[in-house]
Amino acid sequence: MSVDSQTARRACCSNLKLFLASMAFVYFSKAFAGAYMKSSITQIERRFDIPSSLIGVIDGSFEMGNLLVVAFVSYFGAKMHRPKLIAIGCVMMSAGCFLIALPHFLQGMYKYETSVYHNSDVNSTESFLPCLSNHSLAEADKMPDLETRTACEKAAGSSMWIYIFLGNMLRGIGETPIMPLGISYLDDFSREENTPFYLACIHTVGILGPMFGFMLGSFLSKIYVDIGSMDLDAVTINYKDSRWVGAWWLGFIVTGVVILLSSIPFWFLPKSLPKEGQEESKGTELSTVTEQENFLPDETQDEEKEKPVTFQEMAKDFLPSLRRLFRNTIYVLMILTYLVSVNGFIGMITFKPKFMEQIYGQSASKAIFLIGAMNLPAVALGIITGGFVLKRFKLGVMGAARLAFGASLGSLCLLTIQSFLRCDNAEVAGITASYQGGPQLSYDPQTLLSQCNMGCSCSMKQWDPVCAYNGMTYASPCLAGCRTSSGTGKARVFHNCTCTGELMTPGMNMSAVLGQCPRISNCDYIFKIYMSLSVLGSFISACGGTPGYVVLLRSIQPDLKSLALGMQTLIVRTLGGIPPPIYFGALIDQTCLKWGSKQCGGRGACRIYDADAFRITFLGLITGLYFLSNILWGGLYCTIVKTHKKSTLRNQAKENGLDGDKSGNGHANISIVKNKEDVDNESTI
């Protein structure tokens, strides 16, 4: 081997390794930002006082941005400089992150609803009289006139969530080139047997992004949103309170910087590379037939010299290429299967922190931390395990399909078990429990009133919960019938709360402190079981990720690879990324028991949900979607088996035909002739 060829081979390997490392880093950074966005959903919902259905629209704006350009980027980008297009996308994603953080600097400080604001000085040691001084609070329930409300909303910056919507959309546009162009570039220039392992490495490093994203979200959710701008001693709530808003904006600045750094290597990579190992196997290259080529239609096996094409020629070939692609039955079934399962996954990951908070009584910070520290490492281990099994046992398309289907079926079983784990509702007087004890059969604003607080003229809309020494939570100090108070800030204590006496024996402490009471049931034990099943299910489900991706890659013709991956991204993200947060959020809103009030009047974010209705709605919907995806996986596997048999028979017929030609024994040869249209309609693996 000459020195020049050795140098070329080293340069090829060096560039391929650089691209592999760069792809792993960019997968990390985009997943880092995406996971942080998911972990900040609750904080954004509270900061802008918006319902879950609207937060679902904001979350879905990422997919909307992706939808705008993915088809064109995937098709035209495949014939352009792919690494530089990825670099441009990273810069756009970074700009989107900075735009999301912008509203924090344009609007005023966060004002949460609390009865303490009605005192002249929150830092005063003067006794605060919740019941006797609240005669004006009932007037706060009245809606202000339109002019007053418009002026208030303008001053409060309540429409600033539009910046988050646009920034998230810009993130989606920037993320578009990474998957279809990056994966096709890697698959084009790496050995076929190495592709599954490379994909597993990229996805495994990529899964560290969500881990760090959720960890950062957990850390920043404990830091008050206006840190550095106000005296934190005056804040009367803590991070466990449903009105608390963490420093959500700070994380988007961090993720924006990381994404910007990930773009740098792609500016220096070449447009194309020699095929990995090509120099070593030139002599045997023509005689080697890969598994994929055995299953592809005859049209793809004609080696044509690559010729430069114009933009007009590419545009003219776009629709015929789409028709060829969607005649592939296996590809279409893969898209449908992914579409249904992604609907369930996106809905689950978007609202899982809220689910853990409302059903199992965990704080938003702890819920986010547990997802990042337990579920995501299990996913990472599952992805690398799936890739290792494929490489170790040299599984082909059939083996990969069996592994992916089995993993999907196993995760469904564990998800079904989780649906039966339940905790009782948090006890809130007049909402989930009666003032005399026992469950509240139905809730409306009037059930918040009782004989013990009837003379206090309390607001029905206000949410400023206090925990009494009897273990019951009351919606406000006024509704608890508290007559006096002492202390300031978080240390304020309310005394002589008449409503607490209905559940206590005479002479016991009738005081209450700020915040909701901790749950007194066996919910901690049930939560540990839930987390164990959740982590195991995450691992099993992730084991099928890489095998499923290999089935997808091997089911399409090489010249359609980028377009196929781009169309998969387009369809799955359009129908699997945008709708789930919206319809999951709208259905979850239906289970809300107590809505908060906006600063300018009107309904704000939900403060407490019906735990059983939330659990049945949330897990029931996810389980139903995963059940449907398993049915589709079963149909897909049967189609793959059928196509495998057809391909085997066709190859045997070709071999027999060649043998017959060589033997020249005079017998008639039977050949199977397909015209081009028949070949196009044939599913390929």
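Just so you know, residue 1 is the first one in the sequence shown, and it goes up from there.
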Which atoms form the tightest heavy-atom contact between [X] and [Y], and what is the distance?
X	Y	answer
A35	G213	CB-CA, 4.2 Å
W248	A101	CZ3-CA, 4.4 Å
S52	E45	OG-OE2, 3.4 Å
S363	K240	CB-CG, 4.0 Å
S61	N168	OG-CB, 3.1 Å
Q462	S476	OE1-CB, 4.2 Å

Do [X] and [Y] have side chains that get closer than 4.5 Å, going by heavy atoms?
X	Y	value
M37	I58	yes
F252	S40	yes
I41	P353	no
I431	L448	yes
K352	N375	yes
L449	N453	yes
P103	F48	yes
Y163	Q107	no

Donor-acceptor pair, [X] side chain versus [Y] backbone, under 3.5 Å?
X	Y	answer
N425	A611	yes
S218	M215	no
N470	T500	yes
W244	R46	no
D49	G604	no
R171	C97	no
D226	M109	no
Q43	G246	yes

Going from [atom1] on [X] to [atom2] on [Y], what distance comes out if it is rounded to the nearest 0.5 angstrom?
X	Y	atom1	atom2	answer
L593	T591	CG	OG1	7.5 Å
I417	T623	CD1	OG1	11.0 Å
Y36	L220	OH	CG	4.5 Å
I368	K38	CD1	NZ	13.0 Å
M531	S538	CE	OG	8.0 Å
F351	I55	CZ	CD1	8.0 Å

Under 2.5 Å between SG of C452 and C499: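 Bridged: C452 to C499.
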Residue [X] excluded, over 12 heavy atoms near [atom1] under 6.0 Å:
X	atom1	result
K490	NZ	yes
K366	NZ	no
F539	CZ	yes

Answer yes if the side chains of Y626 and T416 hold a donor-acceptor pair under 3.5 Å, and no otherwise.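 Short answer, no.
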With distance as the sole criterion, is a donor-acceptor pair present between the side chains of S242 and R607 under 3.5 Å?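 No, because no side-chain N or O of S242 sits under 3.5 Å from a partner of the opposite role on R607.
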For L421 and R615, run side-chain contact (heavy atoms from CB on, under 4.5 Å): C-alpha distance rounded to whole Å, both residues' side-chain angles, the deciding distance at 0.1 Å, then the answer. CA-CA 9 Å; L421 300 176; R615 176 179 56 84; over 6 Å; no
Using the ring-ring contact (aromatic ring centres under 6.0 Å, His included) definition, which of the options F98, Y224, F105 pairs with W249?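 It is F105; the other options fail the test.
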Kindly indicate, with the supporting measurements, whether the criterion side-chain contact (heavy atoms from CB on, under 4.5 Å) is fulfilled by L102 and L99. CA-CA 5 Å; L102 187 61; L99 183 59; 4.0 Å; yes
Carefully, step by step, assess C456 and C478 under the rule disulfide bond (SG atoms under 2.5 Å apart). CA-CA 7 Å; C456 295; C478 180; 4.7 Å; no
Please state whether the rings of Y435 and Y474 are parallel, tilted or perpendicular, taking 30° and 60° as the class boundaries.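 Rings of Y435 and Y474: tilted, 30 to 60°.
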Counting the benzene-type ring for Trp, do Y530 and Y360 have ring centres under 6.0 Å apart?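 Centroid separation for Y530 and Y360: below 6.0 Å.
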Cation-pi check, K30 onto Y27 ring (under 6.0 Å, within 45° of axis):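 Verdict for Y27: a cation-pi partner in K30.
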Please assess Y110 against V235 for the test side-chain contact (heavy atoms from CB on, under 4.5 Å), listing each intermediate value before the final yes or no. CA-CA 11 Å; Y110 174 54; V235 180; over 6 Å; no
Could you walk me through whether Y583 and N343 pass the side-chain contact (heavy atoms from CB on, under 4.5 Å) check? CA-CA 10 Å; Y583 67 75; N343 264 262; 2.7 Å; yes
